[in-house]
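No experiment lies behind these values; they were computed from the predicted model shown. In what follows, every chain begins at residue 1, and chains take the letters A, B, ... in the order their sequences are listed.
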Amino acid sequence: AVTADGAGAAPRGSPDASLDPDHLYNVLFVGDSHVGKTSFLYRLQADTFNPHLTATVGLDYQVKHLVVDNRRFALRLWDSAGQERYRSITKQFFRKADGVVLMYDITSEYSFSDVRYWLSCIQEGAEEGVTILLLGNKTDCAAERQVPTEEGERLAKEHQLIFFECSAASGHNVSESMVSLIRLLQVHEDELKKKAEEIPKPPQKKKGCCW
Amino acid sequence: SSGRLEEVPLEVLRQRESKWLDMLNNWDKWMAKKHKKIRLRCQKGIPPSLRGRAWQYLSGSKVKLEQNIGKFDELDLQPGEPKWLDVIERDLHRQFPFHEMFVSRGGHGQQDLFRVLKAYTLYRPEEGYCQAQAPIAAVLLMHMPAEQAFWCLVQICEKYLPGYYSEKLEAIQLDGQILFSLLHKISPVAYKHLSKQKIDPILYMTEWFMCAFSRTLPWSSVLRVWDMFFCEGVKIIFRVGLVLLKHTLGSSDKLKSCQGQYETMERLRALSPKIMQETFLVQEV
């Protein structure tokens, strides 16, 4: 059971108390310039394609509420500028991320070859075991494809990443990929909790002593 | 709407135009002896019909062009580095996409934007192209031809905001820290709140400063801020930033509705139109 809550559910800027998520994750979007990070986020929020988005300067951020498997999730989505020189700024925010979405453009071999570079940035900057989603965007431009699906799959397997091809323009696999990411983030969180529980707790306080 | 230009009575506008014409025609004399007066007139707003010319005088790009006759044409004829051309080309339709000058792919506005940005990568090959330069160049092109816009861009990148667009973006990060320490003096409440929420200045000021507010403020305010910026330099950018922060987060009343980190970020992303309005903003700056 997957339902995506619409973009306009709450007026911008008002604290969303009504939704009060069960889980909250920080997700950082990285990848070369022009691969479609901002367009993907726009599609995720507004469910339309906006061809007039300006190039991201620095970092941008938004919150997305989703219900997955009957649980409420809030994703804090950090959109970063792709151009190389901004990496000195973006790098500082790797550590805060629970998940990283690494995007390339299937019509650009160059953006795909940079994926390895981005992986090394993540390795260097993020917490160990951070959940990574590899996304090949622009499946709507099939005629201009330069990166075969299998290559993305192979790379994902090699580095144990979740992998999807998607299209911000058509909406293909946009929420599907986010749902997969959420599920994995949750598995990861549960594992951490379990580990924490293995440490013996102080005995529980007796309940209802007056009975 | 807040984007509408402040109504200046026609008579006042004509008076201002003739004052500015007199200044531009006797520029060296005015600069040497009556700089205060120039500053005051920039604060009042440069008449739209003379804005492009005035910016070139104020920035010194006019002199720069005269010292480098033919340089732009020379750079314009060179092919340029493919790695820069690719990024620039992909950015052309992403600057002020609703402005009539830049609306059509391959139209004059986009072509000139390409020429100016490409010329810069050839002029300063070690710096190349930074994506935040495109909106700056686009605003300039709305006011002057490509060659003039190029030299004005050079002045901005070298004299006004040195290092902002360079490889490691160190200057912008440093200015973020400076802005934050100035905020401590200007609005301790806002400073305390941002410190408590651990919101790094880089999160809200990067676009403000790198694009000189051209993507943040309503258009009429952008022009007024740039008028002052060309006259007084980067301190105007700092002051605008401080005004925005102070009037967004500067009282306990204002903070009531944005207590968390993310509510605060959201508030800074969607600033109140009231505080960005031309008359209010310029007066506060």
Side-chain angles (χ1 to χ4, degrees), chain A residues 10-17 19-21 24-26 28 32-39 45 50-65 74-93 95-96 105 107-111 114 138, chain B residues 83 86-87 89-98 102-103 105 127-135 138 164-170 172-173 176 198-211 214-216 256-272:
Chain A
R12 259 173 71 160
S14 73
D16 215 341
L19 274 159
D20 204 16
L24 200 151
Y25 301 122
N26 282 303
L28 178 65
D32 278 7
S33 185
H34 308 285
V35 297
K37 299 179 289 296
T38 309
S39 294
Q45 289 287 16
N50 181 350
H52 297 299
L53 295 169
T54 54
T56 308
V57 168
L59 271 158
D60 202 357
Y61 129 95
Q62 47 193 292
V63 174
K64 173 72 180 173
H65 295 275
L75 296 181
R76 290 164 175 171
L77 304 159
W78 299 82
D79 187 11
S80 70
Q83 203 187 5
E84 189 170 356
R85 62 190 64 188
Y86 289 99
R87 288 177 201 175
S88 64
I89 288 177
T90 313
K91 268 184 181 173
Q92 308 166 28
F93 295 89
R95 187 133 333 263
K96 296 174 187 167
D105 170 359
T107 71
S108 158
E109 180 65 51
Y110 192 82
S111 73
D114 268 359
K138 310 197 188 177
Chain B
K83 71 163 176 178
D86 185 51
V87 197
E89 250 162 34
R90 291 183 190 222
D91 273 352
L92 294 179
H93 71 284
R94 305 209 282 180
Q95 312 309 325
F96 302 98
F98 297 106
F102 299 101
V103 81
R105 267 185 197 257
E127 289 201 16
Y129 165 67
C130 172
Q131 286 184 318
Q133 284 171 319
Y164 268 32
Y165 310 104
S166 313
E167 194 50 45
K168 298 273 178 209
L169 300 181
E170 278 157 350
I172 188 79
Q173 298 184 58
K198 297 195 177 70
I199 299 175
D200 194 291
I202 217 73
L203 284 174
Y204 50 83
M205 59 74 73
T206 312
E207 189 181 74
W208 291 0
F209 277 50
M210 289 185 89
C211 304
S214 62
R215 287 203 194 159
T216 309
K256 265 180 204 152
S257 57
C258 52
Q259 297 199 330
Q261 185 187 28
Y262 295 90
E263 289 83 3
T264 309
M265 286 282 295
E266 191 76 345
R267 185 59 57 85
L268 289 172
R269 251 167 54 95
L271 293 163
S272 149

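Heavy atoms closer than 4.5 Å to chain A are found in the side chain of B/Ile202, but not in its backbone. For chain A, the nearby part of B/Ser166 is the backbone; its heavy atoms alone come within less than 4.5 Å. Heavy-atom distances place both the backbone and the side chain of B/Tyr129 under 4.5 Å from chain A. Looking at A/Leu59, both its backbone and its side chain come within 4.5 Å of chain B, counting heavy atoms on both sides.
Between the CZ atom in B/Arg269 and the CD atom in A/Gln62 there is a gap of 6.0 Å [rounded to 0.5 Å]. Rounding to the nearest 0.5 angstrom, the gap separating the CD atom in B/Gln95 from the OG1 atom in A/Thr54 is 7.0 Å. With rounding to the nearest 0.5 Å, the separation of CG in A/Asp32 from CZ in B/Arg90 is 9.0 Å. Annotation: the span from A/Arg85 atom CZ to B/Ile172 atom CD1 amounts to 13.0 Å, rounded to 0.5 Å. Within the model, atoms CD of A/Glu84 and CD of B/Glu167 stand 6.0 Å from one another, a figure rounded to the nearest 0.5 Å.
Residues B/Arg215 and A/Val57 have side chains in contact (heavy-atom distance under 4.5 Å, counting atoms from C-beta outward). Looking only at side-chain heavy atoms (C-beta outward), B/Gln261 and A/Tyr61 stay at 4.5 Å or farther from each other.
The aromatic rings of A/Trp78 and B/Tyr262 sit perpendicular to each other, their planes meeting at more than 60°, with 30° as the lower class boundary.
Put simply, of A/His34, A/Arg76, A/Arg87, the one with the most heavy-atom pairs under 4.5 Å next to chain B is A/His34. Per-residue heavy-atom pair counts under 4.5 Å with chain B were compared for A/Ser88, A/Ala55, A/Gly58, and the maximum is reached by A/Ala55. Comparing B/Lys168, B/Gln131, B/Glu207 by how many heavy-atom pairs each has under 4.5 Å with chain A, the most go to B/Gln131.
Heavy atoms only, all atoms of each residue included: B/Cys130 and A/Tyr86 are closest at SG-OH, 3.6 Å.
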B/Gln173 vs A/Gln92, test: side-chain contact (heavy atoms from CB on, under 4.5 Å). Steps then yes/no.
CA-CA 12 Å; B/Gln173 298 184 58; A/Gln92 308 166 28; 3.0 Å; yes

